[in-house]
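Notes for the one structure printed next.
We use all heavy atoms of the structure for the numbers below, so side chains are in, but hydrogens, waters and symmetry mates are not. Numbered from 1 within each chain, the chains take letters A, B, ... in sequence-line order.
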Amino acid sequence: MPEYPEVELLKQYCDSTCLHQEIESVELREKIILEEGTIKDFERGLVGRSFETTCRHGKYLFLKLDDEGWLVLHFGMTGDLQYFKGRDQEPDYVQLLIEFANGYHLGMIMPRKLGKVRQIADAGDYIRWKGLGPDVMAQDFDLQAFLNALEGRRGMIKSALMNQEIMAGVGNVYSDEILFQARVHPKAKVNDLDQVTLRRIFDCLKDILGTLVDVRLERDKLPRNYLLPVRGAGEQCPYCQGEVKNIKVSGRSAYYCSSCQKMPG
DNA sequence: CCTATAGCCTGACGGC
DNA sequence: TGCCGTCAGGCTATAG
């Protein structure tokens, strides 16, 4: 689930809960979610420190430690965070548990262990090392930056939007939403799209991702023309009553309106 | 540069 | 109810 909107909200959640508190203990329960190093070193590296600020790039959340260094969290397909008090309130599937001096805990919840955690020296270096493209919601990711990022691409537009090296933050679900509202077929080739269409995609991207954060992902607060509530095969398009279909695009499940999202040309 | 495939890991769901 | 296959919103590696 975690794409830009979810991770941005998790960042805000951290900002309002767990900053500036001394870390008393750390339990990393699954070796597989540690990107590098040993569990012992990871745990020791956090105890006695505190989180000072946070930042986000694409689907990655960075928590800055006092003194120096960062904790990076990547949520995979099922990651979430919960800040809670007593151990008796611990939710299921906590793989990383951080206990603060005030008695509260931050749990990283991950039923499928596809996420990653790691301590790093510098967030910028990490972003470069991962090869991440520009963050889609950064101020300077404007229309020109979007066009530059897609320059020379010949693959399918949905794949390009989801490619974290081209631009970081969009995943499978919201790439469908963006293309739905821009009325572009997910399999349309990037180099077949004209400037007007690319601009429409860019505008939809910014608008949709911003809106999802504004409404805090509450479905009933979304505008009525969203694909999200009817993102299932056989559902009805809120624009044209056409049929929502499911196809595979680069191995991923894509939903689109077979009537109003046409191939260009 | 791009696509397809398989794999990582495990819960939810539908069919029999 | 139980078993089994399939699918799921992440990413990576590999082969063509």
Q: Determine which pairs satisfy salt bridge (Lys or Arg N to Asp or Glu O under 4.0 Å) with at least one residue from residues 234-254 of chain A, sequence neighbours left out, and list them in order.
A: none

Q) Could you state the interatomic distance from NE2 (A:His57) to CG (A:Asp135), rounded to the nearest 0.5 Å? A) 5.5 Å

(Q) Taking any atom closer than 4.0 angstrom to a non-hydrogen atom of chain A, what span of DNA chain B does the protein reach, first nucleotide to last? (A) B:dC1 to B:dG11

Q) A:Trp129 ring centre to A:Arg118 NZ or CZ under 6.0 Å, with the angle to the axis within 45°? A) yes

**Q.** Interatomic spacing from CG in A:Leu209 to OH in A:Tyr4 - rounded to 0.5 Å
**A.** 7.0 Å

Protein-nucleic acid N or O pairs under 3.5 Å, nucleotides 9-12 of chain C:
from: C:dG9; atom 1: O5'; to: A:Asn172; atom 2: ND2; distance (Å): 3.3
from: C:dG10; atom 1: OP1; to: A:Lys59; atom 2: NZ; distance (Å): 3.4
from: C:dG10; atom 1: OP1; to: A:Asn172; atom 2: N; distance (Å): 3.0
from: C:dG10; atom 1: OP2; to: A:Arg252; atom 2: NH1; distance (Å): 2.9
from: C:dG10; atom 1: OP2; to: A:Arg252; atom 2: NH2; distance (Å): 2.5
from: C:dG10; atom 1: O4'; to: A:Gly76; atom 2: O; distance (Å): 3.1
from: C:dG10; atom 1: O4'; to: A:Met77; atom 2: N; distance (Å): 3.4
from: C:dC11; atom 1: OP2; to: A:Lys59; atom 2: NZ; distance (Å): 2.9

Q: For nucleotides B:dT5 and C:dT6, find the distance between their P atoms and express it as a whole number of Å.
A: 15 Å

Under 3.5 Å donor-acceptor pairs involving side-chain atoms of residues 159-166 of chain A, not counting sequence neighbours:
from: A:Ser159; atom 1: OG; to: A:Ser250; atom 2: OG; distance (Å): 2.8
from: A:Asn163; atom 1: OD1; to: A:Glu165; atom 2: N; distance (Å): 2.9
from: A:Gln164; atom 1: OE1; to: A:Gly169; atom 2: N; distance (Å): 3.0
from: A:Gln164; atom 1: NE2; to: A:Met162; atom 2: O; distance (Å): 3.0
from: A:Gln164; atom 1: NE2; to: A:Val170; atom 2: O; distance (Å): 2.9

(Q) Quick one, A:Lys206 with A:Phe141, criterion side-chain contact (heavy atoms from CB on, under 4.5 Å). Give me CA distance, side-chain angles, the key distance, then yes/no. (A) CA-CA 10 Å; A:Lys206 290 279 188 177; A:Phe141 189 70; 4.1 Å; yes

**Q.** Inter-nucleotide C1' distance (B:dG11, C:dT12), Å rounded
**A.** 22 Å

Q.
If only side-chain N and O atoms count, and only distance matters, is there a donor-acceptor pair under 3.5 Å linking A:Ser175 with A:Glu177?
A. no

Q.
Please give the stem ranges for DNA chain B, sorted by first residue number, where a stem is three or more consecutive Watson-Crick or G-U pairs and both donor-acceptor distances are under 3.5 Å.
A. B:2-8 with C:10-16, B:10-16 with C:2-8

Q.
Quick check for you: to the nearest 0.5 Å, what is the distance between A:Arg154 atom CZ and A:Asp192 atom CG?
A. 11.5 Å

Q | Pairs touching residues 175-203 of chain A that satisfy ring-ring contact (aromatic ring centres under 6.0 Å, His included), sequence neighbours left out | A | A:Phe146-A:Phe202, A:Phe180-A:Tyr239, A:His185-A:Tyr256

(Q) Taking C:dG5 as the reference, what is the distance to B:dG7 when you measure between their P atoms (whole Å, please)? (A) 15 Å

Q. If you look at every strand shown and take non-hydrogen atoms under 4.0 Å, does A:Lys189 touch a base, only sugar-phosphate, or nothing?
A. nothing

Q) Does a side chain donor of either A:Lys11 or A:Thr54 reach within less than 3.5 Å of an acceptor in the other side chain? A) yes

Q: Check the angle between the aromatic planes of A:Phe100 and A:Tyr83 and answer parallel, tilted or perpendicular using the 30° and 60° thresholds.
A: tilted

Q. If you look at every strand shown and take non-hydrogen atoms under 4.0 Å, does A:Met156 touch a base, only sugar-phosphate, or nothing?
A. sugar-phosphate

Q | Most 5' of A:Arg153 and A:Gly251 on DNA chain B, judged by nearest nucleotide | A | A:Arg153

Q.
What's the gap between C:dC11 and B:dA12 when it is taken at their P atoms, as a whole Å value?
A. 23 Å

